[in-house]
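Below is one structure; the comments refer to it alone.
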Amino acid sequence: MPTAAKAPAESVPPPGSTTPLGQYLKDCRIRMDAQALGYSTRRRRTAGLRREEVALRAHISPTWYTWLEQGRGGAPSAEVLHRIASALMLTDVEREHLFLLGLGRTPEVSYRGAGDATPRLQRVLDALDFCPALVKTATWQVVAWNRAAALVLRDYGSLAPRDRNILRLMFLEPAVREAQEDWMSAARFVVGAFRADVARAGAMEAATPLIEELTQRSPEFAALWRDNTVRSYGEGTKQLRHAVVGRLQFEYSSMTIDGRPDLAMVVFHPLTPEDGQKIGRLMSGDPTIA
């Protein structure tokens, strides 16, 4: 168990002063359910936990915690904020807000993996009609997609879950390579954007098996990975050669899903009316171009 943090020896501001951090800590503390956490509610004059109870749960000095609530003692360390966030059972967004108030920055990222997309998120994808759209993780595993994506990009449902990875498809599947107008340019961009996403999410450890596999199986990937280029996926244009309807052009946008920093949605919008018509024919089962 880490040693308890001690209150710093600094001059003490007048009693009664507070800070946004102190007020936020107090508000979070009084929302805690003392009885559910095993504390007696007898002789408890205020709601929530007492300051000393939070300090005990966080393994810090009660005096130091009291000073933080009162706006005294200076800025806490990141370690102390992590302990307090755990003691107060804060959600990810609450923990982030705590760090912004206490240190002016967000916590260091800690990748915990991603789950499947929710049914509500799937309904959003399905509502996009003729716009291929998918949801991917920080390690570029595709975890949800709509029918347009299955018809235009890849039928992800026909693949084993581990094979629904954009990099694995780009470098190991000939049909995906053939569909790119300029495969090398697209591959270089994908590797650079993947590198940036993995680093941003703190997911390098989770991505290492995939990186090692592709390095062994694809000389092109190995060379691009050694290049250390980083790119931002963001938004842009993409061209594909579809096996049935021919050339397709898209504008695409990638956006992080609020409340799910582990996931990003990528939407491909047909660039021209003709592109939209081709996708419409695929969706209707009539691939004729004339």
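Ion pairing between Glu53 and Arg44 holds under the 4.0 Å rule for side-chain N and carboxylate O. Salt-bridge check for Arg188 with Asp227: failed, with every basic side-chain N at 4.0 Å or more from each acidic carboxylate O. The pair Arg168-Glu213 counts as a salt bridge, with a side-chain nitrogen and a carboxylate oxygen less than 4.0 angstrom apart. Here Glu96 does not pair with Arg105 in a salt bridge; the nearest charged N to carboxylate O distance is not below 4.0 Å.
No path of Ile, Leu, Val, Met, Phe, Trp and Tyr side chains, each step under 4.5 Å between heavy atoms, connects Ile30 with Leu37, placing them in separate hydrophobic clusters. Taken together through direct or relayed side-chain contacts under 4.5 Å among Ile, Leu, Val, Met, Phe, Trp and Tyr, Leu101 and Val54 form part of one hydrophobic cluster. Note on Met283: it clusters hydrophobically with Trp145, by side-chain heavy-atom contacts below 4.5 Å among ILVMFWY residues. Linking ILVMFWY residues whenever their side-chain heavy atoms come closer than 4.5 Å, directly or via other members, leaves Val230 and Met204 in distinct clusters. The same ILVMFWY cluster, assembled from side-chain heavy atoms under 4.5 Å apart, contains both Phe250 and Phe189.
Of the possible polar contacts, none joining the Asp275 side chain to the Leu248 backbone as a donor-acceptor pair under 3.5 Å is found. Remark: the backbone N or O of Thr63 is not paired with any side-chain donor or acceptor of Arg51 at under 3.5 angstrom. Between the side chain of Ser218 and the backbone N or O of Leu214, no donor-acceptor pair lies under 3.5 Å. Side-chain atoms of Gln70 do not come within 3.5 Å of backbone N or O of Trp67 as any donor-acceptor pair. A donor-acceptor pair under 3.5 Å is formed between the side chain of Asn165 and the backbone N or O of Thr139. Under the 3.5 Å distance criterion, the side-chain polar atoms of Arg95 are left unmatched by any main-chain donor or acceptor of Leu90. In this structure, Glu235 contributes its side chain and Met255 its backbone to no donor-acceptor pair below 3.5 Å. Between the side chain of Arg231 and the backbone N or O of Gly192, no donor-acceptor pair lies under 3.5 Å. With hydrogens and angles ignored, the 3.5 Å screen pairs no side-chain donor or acceptor of Asp155 with any backbone N or O of Ala150. Using a distance-only test at 3.5 Å, with no hydrogens or angles considered, no donor-acceptor pair links the side chain of Arg217 to the main chain of Phe221.
Checked against the 6.0 Å centroid criterion, the rings of Tyr233 and Phe194 do not qualify as a close aromatic pair. Aromatic pair Trp183/Phe171: ring centres closer than 6.0 Å. Separation of the Phe130 and His269 ring centroids does not fall under the 6.0 Å cut-off.
Shown here is Arg120, whose CZ atom has no more than 12 heavy atoms of other residues, nucleotides or ligands within 6.0 Å. Counting heavy-atom neighbours within 6.0 Å of Lys238 NZ, excluding the residue itself, gives a total above 12.
Defined by atom type and a distance below 3.5 Å, a donor-acceptor pair is missing between the side-chain atoms of Glu79 and Ser77. For the residue pair Glu69 / Tyr65, a side-chain donor-acceptor distance below 3.5 Å is found, with atom types taken as modelled.
The heavy-atom pair separating Ala117 from Ala144 by the smallest distance is CB-CB, 3.7 Å. Here the closest non-hydrogen pair linking Asp197 and Lys136 is OD2-NZ, 3.1 Å. Contact record, Ile257 with Leu121: CD1-CD2, 3.4 Å, taken as the closest heavy-atom pair. Across all non-hydrogen atoms, the minimal contact from Ala133 to Leu128 is CB-CD1, 3.5 Å. The shortest non-hydrogen separation linking Gln239 to Gln249 is NE2-OE1, 3.9 Å. Closest approach of Arg83 to Ile60, counting heavy atoms only: NH1-CG2, 3.8 Å.
For the pair Leu25 and Ile84, the minimum side-chain heavy-atom distance is below 4.5 Å.
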> How far apart are the C-alpha atoms of Trp140 and Leu210, what are their side-chain angles, what is the distance that settles it, and do they pass the side-chain contact (heavy atoms from CB on, under 4.5 Å) test?
Replying inline: CA-CA 10 Å; Trp140 289 42; Leu210 173 64; over 6 Å; no

> Between Tyr252 and Val267, does a side-chain contact (heavy atoms from CB on, under 4.5 Å) hold up when you go through it step by step?
Replying inline: CA-CA 5 Å; Tyr252 69 83; Val267 179; over 6 Å; no

>> As a quick check of understanding, evaluate side-chain contact (heavy atoms from CB on, under 4.5 Å) for Arg195 and Arg200, giving each step before the final call.
In response: CA-CA 9 Å; Arg195 187 195 308 276; Arg200 186 181 300 113; over 6 Å; no

> Going through the checks in order, is the side-chain contact (heavy atoms from CB on, under 4.5 Å) test met by Val142 and Leu159?
Replying inline: CA-CA 11 Å; Val142 176; Leu159 302 174; over 6 Å; no

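The CG atom of Leu151 sits 14.5 Å away from the CZ atom of Arg281 when rounded to the nearest 0.5 Å.
With sequence neighbours excluded, no residue satisfies salt bridge (Lys or Arg N to Asp or Glu O under 4.0 Å) with Arg164.
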